Amino acid sequence: MTVILRVENVRKTFGGVVANNDVSLDVQAGSITGLIGPNGSGKTTLFNSIVGFHPIDGGEIWFGEKKLSHRLTPEIARMGLLRTFQQTRIFGNMNCVRNMQIATPHANDSFRTMFSRFPKAVTEKAEHLLEFVGLYSKRNLLAGDLSFGQQKLLEFAMALMNEPKMLLLDEPTAGINPTLINGLIDRLRRAREEFGITLFVIEHNMRVIMNLAEQIFCLAYGELLAEGPPEQIQNNQRVIDAYLGAG
Ligand code: ADP
Ligand code: MG
């Protein structure tokens, strides 16, 4: 097994709040790995630190052989490490294909490209990935007219446009109805199988994460509380207490 992401003793504070304290974890290449923990336990902060959203106050983060700490988000994205958000980030007044086209690395950052034409290959890739997530028939609809769950699928497809090696997904199933949740889980698995993408997933739906991930890390109060395969985490008394305590 190969480690694709290594978090070593990472510390992140906001004023007096210690959001991550001495967090160390390894994510195996090709795995689906989960990150759980009660609200406010520092999960999103850790993802933000990994993708260079903000500088960390201590520790190191490695992506393969490359040290990430102190690199900026666009550079990290070009290395193949991307995240999606708790809130979707799509352009509601553009159709799905156009959202996909502007999600490509070359289109990023350039307002001009929103209005320009795209190479045929980009459009074909966009349509192929829309088909992959089950949105091909909606391709010409405005993204804002999709259901919330469909918007999440679109956002996932937009991330795939960049051909990432690893995707960080922050609560991908939040606010989605059960039918679409199953569809999304199925697509995540297939993305790993077909494209070899490593997935690191924050999820507070226990049924989803226990079913999806091979390895799970649990944070509480900014610190790593437990790690292990789902069956171990599920029966870990410290994990159970952390959730009950936060409930
Ligand atoms: P989770 O995603 O596990 O719910 P977060 O990482 O969002 O937790 O938050 C961890 C802690 O850090 C919380 O106490 C939160 O209020 C604090 N925090 C997160 N982001 C910021 C920020 N930008 N400024 C100040 N405090 C923050
Ligand atoms: Mg969060």
Side-chain angles (χ1 to χ4, degrees), residues 5-27 32-61 63 68-74 76-77 81-90 148-149 151-153 155-156 158-159 166-176 181 184-185 188 198-210 212-213 215-228 230 233-234 236 238-247:
L5 180 78
R6 169 157 288 166
V7 171
E8 281 178 7
N9 309 109
V10 163
R11 179 179 173 83
K12 177 65 191 173
T13 62
F14 297 104
V17 177
V18 184
N20 288 145
N21 187 24
D22 204 24
V23 174
S24 297
L25 55 86
D26 285 351
V27 175
I32 300 181
T33 298
L35 182 61
I36 64 170
N39 269 336
S41 58
K43 304 180 297 295
T44 297
T45 300
L46 185 64
F47 272 19
N48 284 339
S49 296
I50 293 168
V51 297
F53 240 62
H54 48 220
I56 52 179
D57 300 304
E60 290 182 354
I61 300 169
F63 184 53
L68 294 187
S69 348
H70 312 302
R71 288 184 207 249
L72 298 175
T73 308
I76 292 171
L81 177 53
L82 284 185
R83 66 163 292 181
T84 65
F85 298 87
Q86 236 165 322
Q87 303 296 320
T88 54
R89 303 225 170 158
I90 56 169
F148 182 70
Q151 290 180 0
K152 290 262 192 173
L153 283 167
E155 200 198 10
F156 178 55
M158 286 164 67
M166 179 171 188
L167 261 183
L168 310 186
L169 299 153
D170 196 343
E171 301 198 10
T173 70
I176 303 188
I181 286 183
L184 183 63
I185 292 176
L188 296 180
T198 306
L199 299 174
F200 194 16
V201 186
I202 295 176
E203 183 55 68
H204 70 198
N205 182 327
M206 283 301 144
R207 184 185 64 79
V208 168
I209 199 66
M210 294 299 163
L212 187 64
Q215 180 76 359
I216 295 175
F217 295 95
C218 178
L219 290 178
Y221 299 106
E223 300 194 0
L224 191 67
L225 189 71
E227 64 178 282
I233 290 291
Q234 230 167 350
N236 182 307
R238 283 153 62 92
V239 174
I240 294 165
D241 290 345
Y243 273 91
L244 292 176

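Just so you know, these numbers come straight off a predicted model, no measurement behind them. Whatever order the structure lists them in is the order used to number ligands and atoms, beginning at 1. Numbers here simply count residues along the sequence, with the first being 1.
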| task | Would you verify whether the NZ or CZ of Lys152 falls within 45 degrees of the ring axis of Phe156 while also being under 6.0 Å from that six-membered ring's centre? | result |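 Ring-cation test returns no.
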| task | Taking only heavy atoms of Asn39 into account, list the atoms of ligand 1 that are under 4.0 Å away from them. | result |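 Heavy-atom distances to Asn39 below 4.0 Å select 4 (O).
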| What are the atoms of ligand 1, with element, lying closer than 4.0 Å to any heavy atom of Thr45? |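 Result: 5 (P), 6 (O), 9 (O), 10 (C), 19 (C).
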| message | Quick check for you: to the nearest 0.5 Å, what is the distance between Leu35 atom CG and Leu219 atom CG? | response |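 The distance works out to 5.0 Å.
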| field | Identity of the nearest option to atom 18 (N) of ligand 1, non-hydrogen atoms only, from Phe14, Phe53, Phe47 | value |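 Checking each option, the heavy atom nearest atom 18 (N) of ligand 1 is found in Phe14.
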| Phe47/Phe53 aromatic ring centres below 6.0 Å |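 They do not qualify: ring centres at least 6.0 Å apart.
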| If you measure from each heavy atom of Gly40 to ligand 1, is any distance below 4.0 Å? |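 In this structure, Gly40 qualifies as a contact of ligand 1 - some heavy atom is under 4.0 Å.
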| message | Using salt bridge (Lys or Arg N to Asp or Glu O under 4.0 Å), reason through Arg11 and Asp57 one step at a time and then give a plain yes or no. | response | CA-CA 5 Å; Arg11 179 179 173 83; Asp57 300 304; 5.8 Å; no
| Metal check, the Mg ion (ligand 2) vs Thr44 N/O/S, cut-off below 2.8 Å |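 So Thr44 counts as coordinating the Mg ion (ligand 2), yes.
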| query | Can you find an N or O of Gly42 that's nearer than 3.5 Å to an N or O of ligand 1? | reply |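 The answer is yes, given that Gly42 and ligand 1 share an N or O pair closer than 3.5 Å.
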| query | What are the two closest heavy atoms between Ile56 and Ser69, and how far apart are they? | reply |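 Minimum heavy-atom separation between Ile56 and Ser69: CD1-CB, 4.1 Å.
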